[in-house]
Amino acid sequence: MCGIFAAINKQSVTRHLIKGLQNLSYRGYDSAGIAIVDHSGLQRRRAEGKIERLIHCLETKPLEGRVGIAHTRWATHGAASQRNAHPHMTSRVAVAHNGIIENSHQLRTELESRGFHFESDTDSETIPQLITFYLNLGLEHDQALRSALERLEGSFAIAAVFDDLPDCIFAARRGSPLALGYANGGHFLASDINALKSVADQACHLEDGDLARISLLHIAITDQHNKRVDRPRQVICEQQSNSDRDKQGFRHYMLKEIHQQAGVIKRTLGNYLPGADNTIDFPLLPFNLAELQRLNIVGCGTSHYAAMIAKYWLEGFAGLAVEVDIASEYRYRDGPVCASTPSLFISQSGETADTLAALRHAKQCAQHCISIVNVVDSSIARESHVILPTMAGAEIGVASTKAFTAQLTVLFLFSLKAAVSRGRINQTEKKRLQSQLTLLPSIIDNFLNSEHRILAIAQKLQNIEHMLYLGRGIALPLALEGALKLKEITYIHAEAYPAGELKHGPIALVDASMPVLVVAPPGRLFAKSLSNLREVSSRGAKVILVSDQQGIDEAQDYIDAAIAIPTIEPLLQPFIYTLALQLLAYHCAVLKGTDIDQPRNLAKSVTVE
Ligand code: M6R
C-alpha cells in the first residue's frame with residue numbers, strides 16, 4: 001500500500017506533490033510527508049493523519065523547492081505517527097518507500113552495530129540508512145543506491161533525493177509499481193500511473209530491477225543488469241470525469257457509488273453487447289470455452305466473493321467446474337497447477353499484491369491467464385493474457401460497491417457465453433437471460449427509491465456489537481459480502497456462515513444480543529433457510545430477513561424486520577440482494593458516525609501482502 005509521488009520542475013513542486021498525494025490517498029491515509037532538496041540540502045515536513053494535516057503543517061511551515069518526493073502511508077511496521085511517516089532520511093538522503101523490507105530487522109541490527117542511529121520503527125528507514133552506509137564508503141550516488149537495493153529482501157518501490165544532488169530524483173522498483181511521467185515543464189514519478197494524468201502527457205512503467213535517474217531535461221533508466229534501457233511510453237490523458245471525482249450532492253462517495261450501479265451495469269453491458277444481434281463481444285480468449293474441463297478463479301475480498309458467485313453460475317448453468325481461491329492462499333499452497341486449466345483473476349484496482357503474485361505464479365506454470373479489472377492500465381491488466389474490463393469508473397469509497405456489481409455483470413456474460421458454447425442453453429434461453437439482464441438497471445433504480453426502509457432497519461441496529469449473516473447457495477457469498485461491508489465501515493463485528501453450518505457450531509453464539517440477518521431469496525433453498533431462521537428466532541435472536549415479499553410473508557411470525565427485494569430472474573438475484581446489504585451497512589455507518597469513505601486501518605488498494 002502507501003503512495004509515492006515525486007516531481008522535478010522549473011517552478012516549485014510543492015503543490016504538485018500535495019495534489020499527487022491526494023490522488024494516491026486511496027493507497028493509505030495514516031500519515032503523509034514531503035521532502036524537498038535544493039542547494040541548501042534536504043528539508044522535510046511530515047504529519048500524522050490525513051493529507052489535510054500535512055497541508056495545514058505546510059501552511060504554518062511552508063516548504064518550496066523545484067525537486068521533491070512525497071508519500072502517503074498505510075502503516076505496516078510501526079504505528080501511524082509523525083515519527084514513522086515518510087520520507088525517512090539521514091543527513092545525506094531522503095527516501096519514500098512502498099512495500100515491505102522483509103530483512104529490515106537484520107539490516108537494522110547490522111547498521112546499529114556500526115553506529116547508525118534509527119529514529120523510526122519502520123522497515124523503510126533501513127533504506128536511507130543503508131544508502132548512507134554505502135555513500136560513507138565512498139560510492140557514487142547510483143552505486144550506493146544499487147548496493148543498498150541489492151541487500152533488500154521483499155518488495156519495494158522507492159523515490160530518493162540526495163542532499164548534494166539538488167537537480168535529480170532517483171527511482172527504483174522491485175515488486176511494487178512505479179511510473180514516470182513526462183511533461184513540458186518537468187518530470188514526475190508516481191506509484192500509480194493514474195496519479196500522473198493531471199500533470200503529464202506521456203508516461204512509462206518502470207520494470208522490476210529498474211533504476212531511474214530523473215533530472216529536469218532527461219531521464220536515464222538502467223535495468224537489473226545495469227544496462228541502459230528505454231521503457232515504452234504511452235500517451236496518458238485525464239480519463240476520470242469530474243463526475244467520478246466529486247460527490248455530486250451525495251454525502252459520501254460510497255453512497256454515490258451505490259447509486260451509480262444502474263448506470264455502471266448499463267455501461268458494462270453496452271461494452272460487451274454492442275450490437276442489436278445479441279452477440280456477446282468478448283476479446284479472443286486464449287482457450288476454448290466449449291472444451292474447458294475446469295477454471296480457476298482467484299481474487300481477494302469483495303472480488304473473491306464475486307468469484308464465489310460466478311462459481312454458482314458457471315457450474316450451475318454452464319456445466320463448467322470452477323475452483324475459487326483466495327489469492328493469498330492460492331499463491332502459497334503449492335497445489336498442483338495444471339497448465340491446461342486457465343485462471344481468471346478478479347481485481348477492481350488491478351494492483352492487489354496477492355492477486356498479482358497469484359497471476360505471476362499461474363503464468364510461470366504456463367496457464368492462460370485472463371482477468372477482470374476495473375483499472376485497465378494496472379499491473380494485473382498489463383500482465384494478463386487477456387483482460388475483460390469492467391466499466392465502473394473510478395471507485396473512490398474504500399468499500400467496494402459498484403465495482404462488485406460491474407464484476408458480476410462481466411462474470412454473468414462470461415457464464416452465458418460458456419453455457420452457450422458448451423451446449424447447456426440454447427439461443428432462445430440466452431436471449432431471454434440477456435433481456436432479463438438489460439432490465440436490471442431500471443429494477444435497481446426502483447429499488448433505490450425505497451432506501452428509507454433500509455434506513456429504518458439501520459436505526460434498530462446502530463448500537464449492536466455483533467451480527468451474524470446466514471446464506472445458502474448463491475446467497476452465501478452475498479452474506480459474506482454483506483458482512484464484509486458491515487465490518488469495514490461500521491466496525492461492528494459481523495460474521496457470515498453457510499446457513500447449513502449453523503448447527504455445527506455458530507448457533508452457540510445466538511441469543512437475544514446477537515441479531516441474525518438471513519439472506520434467503522426465493523427458490524429451492526428457501527424452505528431450508530426458513531428452518532434455520534426459526535432456529536435462531538427460537539433462541540431469542542432478532543432476525544432480519546432479506547427476501548421477496550412472499551418469503552417475508554411466510555416468515556412473518558419469526559422475524560423482527562425485513563428488506564423486501566423485487567422478485568426477479570433467480571440467476572440475477574445477487575445484483576439486487578447485494579444492493580440491500582450495501583445500503584444497510586452504509587446507513588448503520590452513518591448512524592455510528594464512522595469515516596465511511598476512508599475507514600480506519602484500510603486502504604483502497606492492498607499493494608503489500
Ligand atoms: O482491488 P481489488 O478488487 O483486488 O481489491 C480486493 C480487496 O482488497 C477489496 O475488495 C476489499 O476487500 C474491499 N475493501 C471490500 O470492500
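Start at 1 and go down the list; that is how both ligands and their atoms are numbered.
Within 6.0 Å of atom OH in Y272, more than 12 heavy atoms from other residues, nucleotides or ligands are found, so the atom counts as buried in its surroundings.
The ring-ring contact (aromatic ring centres under 6.0 Å, His included) test applied to H205 returns no partner, not counting sequence neighbours. The side-chain hydrogen bond (donor to acceptor under 3.5 Å, both in side chains) search around H493 returns H466, E495, not counting sequence neighbours. Annotation: side chain to side chain contact (heavy atoms under 4.5 Å, CB included) contacts of L591 (sequence neighbours excluded): A458, Q459, Q462.
In this structure, the ring of Y586 has its center less than 6.0 angstrom from the ring center of H252.
The protein residues lying under 4.0 angstrom from ligand 1, judged by non-hydrogen atoms, are C300, G301, T302, S303, S347, Q348, S349, T352, V398, A399, S400, L484, K485, E488, V606.
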Q.
For a ring-ring contact (aromatic ring centres under 6.0 Å, His included) check, start with the C-alpha distance between F412 and F317, then their side-chain angles and the critical distance, and finish with the verdict.
A. CA-CA 11 Å; F412 191 80; F317 80 98; 5.7 Å; yes
